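A short write-up of the structure that comes next.
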Amino acid sequence: MTLSHIVAASQNNVIGVNNDLPWNIPEDMKFFRDKTKGRALIMGRKTFESVGHPLPKRLNVVVTRQPDYKPEGAVVVSSVEEGIELCKTKVDDYGDEIFIIGGGQIFKDTMDIVDIIYLTRIHRDYDGDILYPDVDPEKFEEVERRDREEPVAFSFLTYRKK
Ligand SMILES: NC(=O)c1ccc[n+]([C@@H]2O[C@H](COP(=O)([O-])OP(=O)(O)OC[C@H]3O[C@@H](n4cnc5c(N)ncnc54)[C@H](OP(=O)(O)O)[C@@H]3O)[C@@H](O)[C@H]2O)c1
């Protein structure tokens, strides 16, 4: 089983503002869709609500402390660990790569257990209220990089745990 983060972050590590993304980069949205299609996704309740609907053709696992939270089209768990255990039982249907798709607290809590980070790095600063942790070069190595210039300068980066 592989545990992966998939995230887009600015130069100053911003990933969100006012419960939304600070940018609109269609090629990154397509990258996210292609990478996660058919897979199991774990996300915080606010990220789920920010997307506004379950992501189609994927297992949507939502982490919340609210015992009565029961959105349609998603499975609810009370911790990330519970979410991971659930996804492990669904490998036959959704494959053995589990994607953690945010938000801030969930990324931070799983930084030490993740195997791969797909990081879309936008090469400018944004104002925002949710941050992604620094990727520790002692723990992760960059194994792939694809640079883009439109609509802003950004790079698709892949890191693997050393
Ligand atoms: N740029 C990107 O790649 C990216 C990706 C994802 C999200 N985002 C952005 O990030 C923002 C949302 O992130 P966020 O950090 O505010 O919220 P979040 O992590 O999506 O959700 C937080 C909620 O998850 C639940 N939760 C978190 N830790 C938990 C734990 N240990 N046990 C049980 N439940 C737990 C709680 O839900 P309850 O309050 O219901 O208990 C908490 O309020 C938005 O702006 C979104 O657009 C950006």
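For clarity, every value in this text was computed on a predicted model and none was experimentally measured. Residues take their numbers from the sequence shown, with the count starting at 1. Order of listing sets the numbers, starting from 1, for every ligand and every atom in it.
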Once you restrict both partners to nitrogen or oxygen, which atoms of ligand 1 have a protein partner under 3.5 Å, and how far apart are they?
{"unit_1": "ligand 1", "atom_1": "1 (N)", "unit_2": "Ala8", "atom_2": "O", "d": "2.8"}
{"unit_1": "ligand 1", "atom_1": "1 (N)", "unit_2": "Ile15", "atom_2": "O", "d": "3.0"}
{"unit_1": "ligand 1", "atom_1": "3 (O)", "unit_2": "Ala8", "atom_2": "N", "d": "2.9"}
{"unit_1": "ligand 1", "atom_1": "15 (O)", "unit_2": "Gly104", "atom_2": "N", "d": "2.9"}
{"unit_1": "ligand 1", "atom_1": "19 (O)", "unit_2": "Gly103", "atom_2": "N", "d": "3.0"}
{"unit_1": "ligand 1", "atom_1": "20 (O)", "unit_2": "Thr47", "atom_2": "N", "d": "2.8"}
{"unit_1": "ligand 1", "atom_1": "20 (O)", "unit_2": "Thr47", "atom_2": "OG1", "d": "2.6"}
{"unit_1": "ligand 1", "atom_1": "20 (O)", "unit_2": "Gly103", "atom_2": "N", "d": "3.1"}
{"unit_1": "ligand 1", "atom_1": "21 (O)", "unit_2": "Lys46", "atom_2": "N", "d": "3.3"}
{"unit_1": "ligand 1", "atom_1": "24 (O)", "unit_2": "Arg45", "atom_2": "N", "d": "3.3"}
{"unit_1": "ligand 1", "atom_1": "24 (O)", "unit_2": "Val63", "atom_2": "O", "d": "3.4"}
{"unit_1": "ligand 1", "atom_1": "31 (N)", "unit_2": "Arg65", "atom_2": "NH2", "d": "3.4"}
{"unit_1": "ligand 1", "atom_1": "32 (N)", "unit_2": "Ser78", "atom_2": "O", "d": "3.4"}
{"unit_1": "ligand 1", "atom_1": "39 (O)", "unit_2": "Arg45", "atom_2": "NH2", "d": "2.8"}
{"unit_1": "ligand 1", "atom_1": "40 (O)", "unit_2": "Arg45", "atom_2": "NE", "d": "2.7"}
{"unit_1": "ligand 1", "atom_1": "40 (O)", "unit_2": "Thr64", "atom_2": "OG1", "d": "2.6"}
{"unit_1": "ligand 1", "atom_1": "40 (O)", "unit_2": "Gln66", "atom_2": "NE2", "d": "2.6"}
{"unit_1": "ligand 1", "atom_1": "41 (O)", "unit_2": "Thr64", "atom_2": "OG1", "d": "3.3"}
{"unit_1": "ligand 1", "atom_1": "41 (O)", "unit_2": "Arg65", "atom_2": "N", "d": "2.8"}
{"unit_1": "ligand 1", "atom_1": "45 (O)", "unit_2": "Asp20", "atom_2": "N", "d": "3.1"}
{"unit_1": "ligand 1", "atom_1": "45 (O)", "unit_2": "Asp20", "atom_2": "O", "d": "3.1"}
{"unit_1": "ligand 1", "atom_1": "47 (O)", "unit_2": "Asp20", "atom_2": "O", "d": "3.2"}

Step-by-step side-chain contact (heavy atoms from CB on, under 4.5 Å) determination, Glu27 to Phe156:
CA-CA 10 Å; Glu27 191 180 353; Phe156 291 112; 3.7 Å; yes

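- Within the structure, the salt bridge (Lys or Arg N to Asp or Glu O under 4.0 Å) test picks out no pair touching residues 72-83 (sequence neighbours left out).
- For the salt bridge (Lys or Arg N to Asp or Glu O under 4.0 Å) condition, no pair includes a residue of residues 52-63, sequence neighbours left out.
- For residues 150-159, the set of pairs meeting the side chain to side chain donor-acceptor pair (under 3.5 Å) definition, not counting sequence neighbours, comprises His123-Ser155, Arg145-Ser155, Asp147-Ser155.
- Listed for the Asp96 side chain is no donor-acceptor partner under 3.5 Å among the backbone atoms of Thr2.
- Atoms CZ and OG1, on Phe31 and Thr120 in that order, are 5.5 Å from each other to the nearest 0.5 Å.
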